Novice: 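So that we are looking at the same thing, I have put the structure below in structure tokens.
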Amino acid sequence: MDDNNNGLKIYTENLNLFYGDIHALKEVNIEVEEKKVTALIGPSGCGKSTFLKTLNRMNDLIPAVRITGDVYLDSLNVYRQYDIVELRKRIGMVFQKPNPFPMSVYDNIAYGPRIHGVRSKSKLDEIVYRSLTNAALWNEVKDRLRQNALGLSGGQQQRLCIARVLAVEPEVVLMDEPTSALDPISTLKIEDLIDELKGKYTIVIVTHNMQQAGRISDKTAFFLHGEIVEYNDTEKIFSRPNDKRTEDYITGRFG
Amino acid sequence: MTTTRHYFDKELEALHLQLIKMGSLVEESIENTILALKKQDVELARKIFWNDDVIDGMEQKIEKMCLNLIARQQPLAGDLRTISTALKIITDMERIADHSADIAEITIRMANEKYIKPLIDIPRMAELAKQMVNKAIDAFIRQDMGLAREVCRSDDAVDDLFSRIVLELINIVKNDPETIEQVINFMFIAKYLERMADHATNIGEWVVFNVTGEHAHLARHENKDDRINNPFVKNTIGDG
Amino acid sequence: MRVKPQTTDRIATMAIYAVACLVVLLLVFFVGYLLCHGASRLNLHFILSSPVFMKEGGGIGPQLFNSLYLVFLSMLITLPVGLSAGIYMAEYAKPNRLTAAIRFCIEALASLPSIVIGLFGLLVFVNLTGWSYTLIGGALAVSILNLPVITRISEDAIRSVPPSIKEASLALGATRWQTIVKVIIPSAVPGLVTGAVIASGRVFGEAAALLYTAGMSSPNLNFSNLNPFSASSPLNPFRPAETLAVYIWQVNSEGLAPDARQIADGASAILIIAVFLFNIGSRLLGRRIKARFAGKESGRRIVKI
């Protein structure tokens with residue numbers, strides 16, 4: 001299906017990003033493999049969340065941002081060859097703090113399909129059922145689909161947000177520290193979910209939690225001061241990183 | 001300037017010290033064993049025998065420390081390699097000390113006999129084994145890969161000596177069947193020494209792993225085919 | 001002597017309760033007084049019949065209707081314009097000098113005296129257009145009064161929607177406009193309802209701005225004629241329309257009928273009741289709209305994870 005780009009779902013070339021005068025991303029070149037989980041780790045402010053947002057052009061919302069270089073999805077340029085609505089349909093995003101709409105559970109999930117033109121009630125019902133099942137949430141909410149989503153617990157809300165993203169059938173799911181606001185059990189449930197999803201979706205996840213990156217990712221990129229210091233198989237990064245800075249970060253030795 | 005996790009660093013240091021302590025106890029044990037064997041010193045042999053308990057105790061203590069660190073500190077990368085290396089080499093060190101005690105036990109058994117022949121090769125082999133153990137432990141303390149590889153290379157010499165000793169002992173028995181008891185004892189001693197050298201080699205390999213992250217088997221017997229073709233009969237190393 | 005913090009705390013609490021009680025009592029007294037004095041006229045005949053020239057027994061029917069119709073018309077104008085302005089200020093305006101200037105204008109407009117607005121209305125909606133006194137003229141004048149309030153309240157209500165919700169919507173592939181219409185405005189409904197209630201309350205009570213725009217007379221209205229283009233239809237916006245507030249003023253100052261005092265009291269009481277009912281009704285409507293948008297509120301938090 002994607003043989004023409006060697007199983008590379010996303011890749012960037014010389015990506016630079018400026019917030020006004022601040023050079024936030026420096027010559028980032030990375031290849032994200034299809035249907036794998038790629039983790040982005042690094043200290044606060046190193047650019048990993050900023051980088052994530054360049055993939056679905058959420059940085060366009062910030063006026064002071066200037067981007068040079070290229071980002072490619074399936075070999076097409078994200079900034080020049082994609083319509084932004086179409087792009088965000090193919091690349092979904094889950095945020096750090098669960099942010100369900102103040103609507104019913106059903107309407108939350110149906111929101112995406114509705115804005116993309118799905119009108120038929122039976123089709124929407126099916127999509128809602130399928131998305132909630134894929135997000136391992138169906139059994140918990142099937143009796144309260146018409147109740148306000150804000151009544152769910154934090155972990156459920158985050159899974160709802162994941163289901164909401166899945167409802168538009170993306171190919172890539174970006175996750176920006178999805179479990180940092182959740183308790184350990186919710187966190188593990190979502191990690192299990194990510195494990196299930198990775199066969200169907202390409203997942204890029206930003207995380208502060210080293211152990212989480214170790215648990216769920218296939219490849220890991222270490223960001224520092226806006227650059228990628230090292231990018232390799234997770235196994236390698238966590239047992240024998242090449243760069244001393246990576247080793248220091250992973251073992252928790254910050255000067 | 002203290003880095004973060006300096007509490008963990010302190011615990012790693014404590015672990016390191018315990019390993020050094022155990023290492024020196026093992027070296028002392030080998031030293032005494034060879035001495036006791038040469039001098040047929042039963043008292044010394046007994047001391048070695050009882051001291052083995054101390055070394056066993058240390059192995060358990062260090063093992064507990066390592067498991068504790070893994071559970072509480074979630075070590076990764078270099079730290080993980082260090083701790084898993086520690087877990088592995090205490091096993092090897094404890095086996096070395098066991099073999100040392102085994103030799104001491106045999107010494108005690110042969111205490112009242114005269115040796116069938118003056119010991120030449122066995123002390124030589126023992127000396128080599130002892131040096132290998134010392135170097136291996138040094139290599140670990142100093143994280144010295146070069147030293148570790150030296151240890152592994154020395155294993156060939158020890159194996160060759162072992163083959164020679166065995167051939168010699170077989171000849172002795174063939175000439176005088178009455179000597180069978182002592183010959184068997186000496187064969188065991190030679191075997192124990194050869195195993196000690198193997199364990200020292202293992203320690204060397206783990207040191208290399210700790211530094212590089214690759215665990216390679218470095219003690220490759222050069223004349224590997226000889227083992228298949230029964231070295232006890234065919235004499236392939238110089239003259240017997 | 002040092003006063004203990006607990007004592008200060010207790011005194012403050014009591015003082016606050018006292019003030020709250022005072023406010024409630026004030027309202028109760030005020031309303032009670034009016035209702036009492038107007039009690040004699042709280043009947044259907046008074047509410048539905050027309051005023052009688054110089055004679056006893058007149059009612060306030062047309063005036064009440066005019067007030068309600070005026071509120072309806074002015075909301076029809078103010079709400080869309082104010083909401084759009086609020087959306088612009090909250091979502092589209094960049095923080096530059098132009099925006100600051102716009103904001104200044106809005107606030108200045110809010111502080112203009114209503115009689116001045118009324119005179120402006122006279123000049124433009126009555127004379128310039130040649131309409132003479134009309135309901136629509138009054139609605140337009142009152143809209144000018146209310147526009148700053150609605151704009152401000154809309155802007156605040158929209159700003160109060162968490163940016164994370166907007167992000168989520170955009171990340172799903174919605175356009176900005178879709179986000180505004182489908183998520184932001186519905187979320188902001190409670191705030192917008194409050195704004196509408198405040199504004200309409202003002203319209204009910206406005207007299208100065210309507211004196212010279214909607215006028216001080218009402219033609220004979222045939223309530224069975226529902227054609228808005230016909231001259232005698234009450235639904236025709238291009239007719240003079242004295243509102244209840246203006247009528248109260250007129251009755252009190254001219255006082256030609258012998259029961260002027262009672263009429264004024266009765267009208268005041270009716271006006272207060274109308275405002276209350278409108279208030280409650282709007283809130284119920286707002287709650288209805290919110291429930292349709294937000295789904296049922298779950299009774300308690302579900303602890304399951």
Side-chain angles (χ1 to χ4, degrees), chain A residues 53 56-58 60-61 63 83-108 111-116 139-141 144-156 159 161 164-165 167-168 170 174 176 182-183 185-187 189, chain C residues 88-99 157-194 286-305:
Chain A
K53 291 195 189 143
N56 65 349
R57 294 179 62 177
M58 287 299 276
D60 288 6
L61 301 173
D83 162 52
I84 205 168
V85 166
E86 183 61 32
L87 177 76
R88 289 184 185 153
K89 196 162 172 254
R90 297 179 66 184
I91 302 185
M93 191 165 204
V94 177
F95 298 84
Q96 181 173 346
K97 216 168 154 286
N99 53 5
F101 301 128
M103 308 177 195
S104 67
V105 170
Y106 186 96
D107 286 332
N108 260 282
Y111 182 81
R114 277 188 184 134
I115 57 176
H116 291 298
N139 284 328
E140 289 169 59
V141 299
R144 52 199 309 278
L145 287 178
R146 302 287 170 182
Q147 286 186 18
N148 193 301
L150 297 174
L152 298 174
S153 73
Q156 290 173 318
R159 277 181 286 154
C161 293
R164 188 175 61 184
V165 164
V168 299
L174 306 177
D176 193 353
L182 303 176
D183 63 279
I185 297 180
S186 305
T187 298
K189 285 195 178 193
Chain C
Y88 171 79
M89 293 299 281
E91 288 291 314
Y92 290 91
K94 299 199 193 36
N96 55 21
R97 284 217 280 208
L98 176 64
T99 310
I158 289 169
R159 267 190 211 282
S160 72
V161 175
S164 57
I165 306 279
K166 288 187 259 186
E167 263 192 317
S169 172
L170 292 167
L172 285 166
T175 60
R176 204 168 185 186
W177 180 244
Q178 280 174 316
T179 305
I180 289 175
V181 169
K182 287 173 173 285
V183 179
I184 296 185
I185 292 181
S187 302
V189 154
L192 296 174
V193 165
T194 306
R287 211 171 292 172
R288 249 310 190 49
I289 296 176
K290 180 147 196 273
R292 248 203 67 196
F293 170 69
K296 292 195 273 269
E297 291 290 328
S298 60
R300 56 194 155 74
R301 201 141 234 255
I302 291 184
V303 183
K304 262 196 295 184
I305 26 175

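Since the structure is predicted, the reported quantities are computational estimates derived from the model, not experimental observations. Order of the sequence lines fixes the chain letters, A, B, ..., with proteins taken first and strands second; residue numbering starts at 1 for each chain.
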Novice: List for me each residue that meets salt bridge (charged side-chain N to carboxylate O under 4.0 Å, His left out) alongside A/E86, sequence neighbours excluded, and say none if there are none.
Specialist: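 A/E86 satisfies salt bridge (charged side-chain N to carboxylate O under 4.0 Å, His left out) with no residue once adjacent residues are dropped.
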Novice: Working to the nearest 0.5 Å, report the span between CG of C/L170 and OG1 of C/T179.
Specialist: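 Those atoms lie 4.0 Å apart.
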Novice: Side chains of C/Y92 and C/I180, heavy atoms from C-beta outward: is any pair under 4.5 Å?
Specialist: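 Heavy-atom side-chain distance check passes, below 4.5 Å.
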Novice: Output the option from A/M58, A/M93, A/K89 having the highest count of non-hydrogen pairs under 4.5 Å with chain C.
Specialist: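 Sorted descending by pairs with chain C, the first entry is A/M58.
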Novice: Between chain A and each of C/S169, C/A291, C/P162, count heavy-atom pairs under 4.5 Å; write down the option with the most.
Specialist: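 Going by pairs under 4.5 Å, I would pick C/S169.
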Novice: With a 4.5 angstrom heavy-atom cut-off, which part of A/K53 approaches chain C: side chain, backbone, both or neither?
Specialist: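 The answer is the side chain of A/K53.
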Novice: Would you check, one step at a time, whether the test side-chain contact (heavy atoms from CB on, under 4.5 Å) holds for A/Q147 with A/V141?
Specialist: CA-CA 9 Å; A/Q147 286 186 18; A/V141 299; over 6 Å; no
Novice: Take atom CZ in C/R287; do more than 12 heavy atoms of anything else shown fall under 6.0 Å from it?
Specialist: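 Not buried by this count: 12 neighbours or fewer within 6.0 Å.
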Novice: So for C/K182, is it side chain, backbone, both, or neither that comes closer than 4.5 Å to the heavy atoms of chain A?
Specialist: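 C/K182 touches chain A through backbone and side-chain heavy atoms alike.
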Novice: Quick check on A/F101 against chain C: is it the side chain, the backbone, both or neither that has a heavy atom closer than 4.5 Å?
Specialist: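 Both parts, heavy atoms under 4.5 Å.
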Novice: Below 4.0 angstrom, N of the basic side chain to O of the carboxylate: do C/E91 and C/R159 qualify?
Specialist: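 Judged by the 4.0 Å cut-off on N to carboxylate O distance, C/E91 and C/R159 do not form a salt bridge.
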Novice: Please classify the contact of A/R164 with chain C as side chain, backbone, both or neither, using a heavy-atom distance under 4.5 Å.
Specialist: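 Interface part for A/R164: both.
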Novice: Quick check on the interface: out of A/A149, A/P102, A/G92, who has the most heavy-atom pairs with chain C under 4.5 Å?
Specialist: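 Option with the greatest count: A/P102.
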Novice: Side chain, backbone, both or neither: which part of A/I91 has an atom under 4.5 Å from a heavy atom of chain C?
Specialist: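 Backbone only.
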Novice: Quick one, A/V94 with A/L174, criterion side-chain contact (heavy atoms from CB on, under 4.5 Å). Give me CA distance, side-chain angles, the key distance, then yes/no.
Specialist: CA-CA 6 Å; A/V94 177; A/L174 306 177; over 6 Å; no
Novice: Identify which part of A/P100 has an atom lying under 4.5 Å from any heavy atom of chain C, answering side chain, backbone, both or neither.
Specialist: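 The backbone, not the side chain.
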